[in-house]
2 protein chains.
Amino acid sequence: MYNLFFQHFNSKVQLTEDEQAHIKAYLTLKKIRKKQYLLQEGDVCKMIAFVEKGALRAYSVDENSNEHIIQFGLEGWTISDLFSFLTGEPATYNIDALEDSELVIISKSAHEELLQTMPKYETFTRLNITGAYLAMQRRLTSIISASVEERYQDFIALYPHIAQRVPQHMIASYMGLTPETLSRIRKRISSK
Amino acid sequence: MYNLFFQHFNSKVQLTEDEQAHIKAYLTLKKIRKKQYLLQEGDVCKMIAFVEKGALRAYSVDENSNEHIIQFGLEGWTISDLFSFLTGEPATYNIDALEDSELVIISKSAHEELLQTMPKYETFTRLNITGAYLAMQRRLTSIISASVEERYQDFIALYPHIAQRVPQHMIASYMGLTPETLSRIRKRISSK
DNA sequence: AAAAAGCATTGATCTAAATCAATGCTTTCA
DNA sequence: TGAAAGCATTGATTTAGATCAATGCTTTTT
């Protein structure tokens with residue numbers, strides 16, 4: 001059940017069996033069905049979710065009710081509205097499930113207590129957020145400096161498993177494009 | 001000399017005098033003149049720089065030799081090519097000074113030793129990177145979901161001190177626009 | 001003090017992506 | 001199993017921003 005989570009944890013910070021059991025006591029499991037919300041805009045985000053199985057997305061909705069995907073969360077990734085989680089402000093994102101999914105949930109109080117009491121958990125958290133920062137910086141850099149073609153090809157190269165599992169119009173949304181434009185980009189690439 | 005650095009540190013994690021002195025021994029000061037490079041693309045980034053005074057920018061240069069500003073670093077901010085610093089890969093960004101500046105430099109070995117030996121330094125690092133992550137997420141969200149006008153106005157509202165000190169064409173570059181376009185956007189806004 | 005470099009603005013034109021609209025295919029569900 | 005919803009593609013048109021080019025102003029350099 002918590003396999004992937006601890007695999008991921010151990011790959012960053014090695015835990016003993018005891019430590020693992022200790023952490024496990026702070027975690028809960030949650031199953032969520034396709035299309036179900038994990039978080040809705042306006043609510044306060046009360047947990048961090050680690051994806052054991054399945055796929056989710058975080059997205060915002062603008063005034064023209066267009067959806068903009070901020071982040072995908074597949075197996076092995078963490079998904080949350082971190083700003084809301086940390087500040088207690090209302091969430092600006094929605095998070096919902098693209099497939100039936102299984103999540104490892106870390107509540108706010110669990111997170112804080114583990115941070116206070118367990119240096120290894122703090123290290124894990126630091127490494128996690130650092131990785132997320134670097135991934136986002138790569139994305140931002142590519143948005144402001146590369147052509148759409150390059151960006152699409154980089155995306156496919158970097159996240160082939162996402163491209164396979166997620167409808168194309170969501171990838172367009174993630175890239176800040178309309179579905180029509182992405183379709184034409186693909187056509188252009190394939191004819192080269 | 002290290003005033004702002006420790007002010008910033010204490011605001012996140014409170015230090016005793018002794019701890020402060022201990023950390024100080026790991027830091028060095030560096031003055032850098034306007035237009036001078038702190039880091040050049042292709043070199044390995046060997047330090048994190050905290051800006052005590054002055055202003056810098058991190059930017060990439062694309063195949064058409066257009067510059068794209070990734071980040072500004074004014075007083076109180078940290079600037080680095082974190083990916084290169086952490087992995088030892090060649091840097092993909094240039095960093096140079098927009099004004100004569102004073103930096104607090106943390107070398108790779110200092111950073112690693114402090115992380116290993118001083119829990120408060122790890123906490124400081126974690127909070128710092130978390131803040132940087134949230135700032136970047138806000139920027140990314142605004143890029144993929146807001147109009148250019150809104151984005152410019154958000155920028156001005158959020159970083160008025162940057163807008164005052166930095167030439168307009170660099171703000172255009174930061175926003176992924178040409179200088180001409182930003183000029184027209186401003187005109188459009190002012191005539192409302 | 002003169003020359004050069006850097007900068008913001010404006011105009012004219014071009015181009016990439018958005019929008020609007022329609023079609024056919026596939027998956028979902030009632 | 002039949003209807004509806006979801007999805008990708010293509011075409012026609014519009015639009016926002018890029019590009020090319022020129023001007024005047026300010027700051028820096030010599």
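Nothing here was measured: the structure is a model prediction, and the numbers come from that model. Chain identifiers are assigned alphabetically (A, B, ...) following the order of the sequence lines, protein sequences preceding nucleic acid strands; residue numbering begins at 1 within each chain.
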Nearest whole angstrom, please: distance from the C1' of C:dC7 to the CG of B:L182. 13 Å
Between CZ of A:R33 and P of C:dT28 the distance, given in whole Å, is 14 Å
When rounded to the nearest 0.5 angstrom, what is the spacing between CG in B:D81 and OG1 in B:T92? 4.5 Å
OP1 or OP2 of C:dG6 sitting under 4.0 Å from any side-chain N/O of B:H169? no
Check the distance between D:dG17's C1' and A:I143's CD1 and give it to me in whole angstrom. 17 Å
Output for pair (B:Y121 OH, B:I106 CD1), nearest 0.5 Å, gives 4.0 Å
Base, sugar-phosphate, or nothing for B:R186, non-hydrogen atoms under 4.0 angstrom? sugar-phosphate
If only side-chain N and O atoms of A:Q168 are considered, is one of them under 4.0 Å from the OP1 or OP2 phosphate oxygen of D:dG6? no
For the atom pair CD1 (B:I162) and CD1 (B:I156), what is the distance rounded to the nearest 0.5 Å? 9.5 Å
Using whole Å, what does the distance between atom P of nucleotide C:dT28 and atom CG of A:L98 come to? 13 Å
Looking only at side-chain atoms of B:E180, point me to the closest of C:dT19, D:dA21, D:dA8. D:dA21
Reading DNA chain C from 5' onward, which residue's closest nucleotide shows up sooner: A:N64 or B:K35? B:K35
With respect to the side chain of B:K34, which nucleotide from D:dC20, C:dA8, D:dT28 is positioned closest? D:dT28
Heavy atoms from other residues, nucleotides or ligands near CD of A:E63 exceed 12 (cutoff 6.0 Å): yes
Less than 4.0 Å between a side-chain N and a carboxylate O, is that true for B:K53 and B:E99? no
In this structure, CD of B:Q14 is separated from CD of B:Q20 (nearest 0.5 Å) by 8.5 Å
One should read off an interatomic distance between B:I144 CD1 and A:I70 CD1, to the nearest 0.5 angstrom, of 4.0 Å
Using only side-chain N and O atoms of A:K187, determine if any of them is under 4.0 Å from OP1 or OP2 of D:dT9. no
Between the protein and nucleotides 15-17 of chain C, are there any N/O to N/O pairs under 3.5 Å, and if so, what are the atom names and distances?
none

Rounding to an integer number of Å, can you tell me how far B:E99 CD sits from C:dG6 P? 17 Å
Separation of D:dA16 atom P from B:R151 atom CZ, nearest Å, is 15 Å
Salt bridge (Lys or Arg N to Asp or Glu O under 4.0 Å) partners of residues 32-43 of chain B, not counting sequence neighbours, each pair once: B:R33-B:D100
Counting distance only, does the side-chain N/O of B:S145 pair as donor-acceptor with the main-chain N or O of A:H68 below 3.5 Å? no
For nucleotides 25-27 of chain C, list the nitrogen or oxygen atoms of the protein found under 3.5 Å from its nitrogen or oxygen atoms, one pair per line.
none

Whole angstroms only, please: what is the CD1-C1' distance between B:I171 and C:dT9? 16 Å
Could you state the atom-to-atom distance from CG of B:D100 to C1' of D:dT28 in whole Å? 14 Å
Enter the distance from A:T141:OG1 to B:F83:CZ here, rounded to the nearest 0.5 Å. 11.0 Å
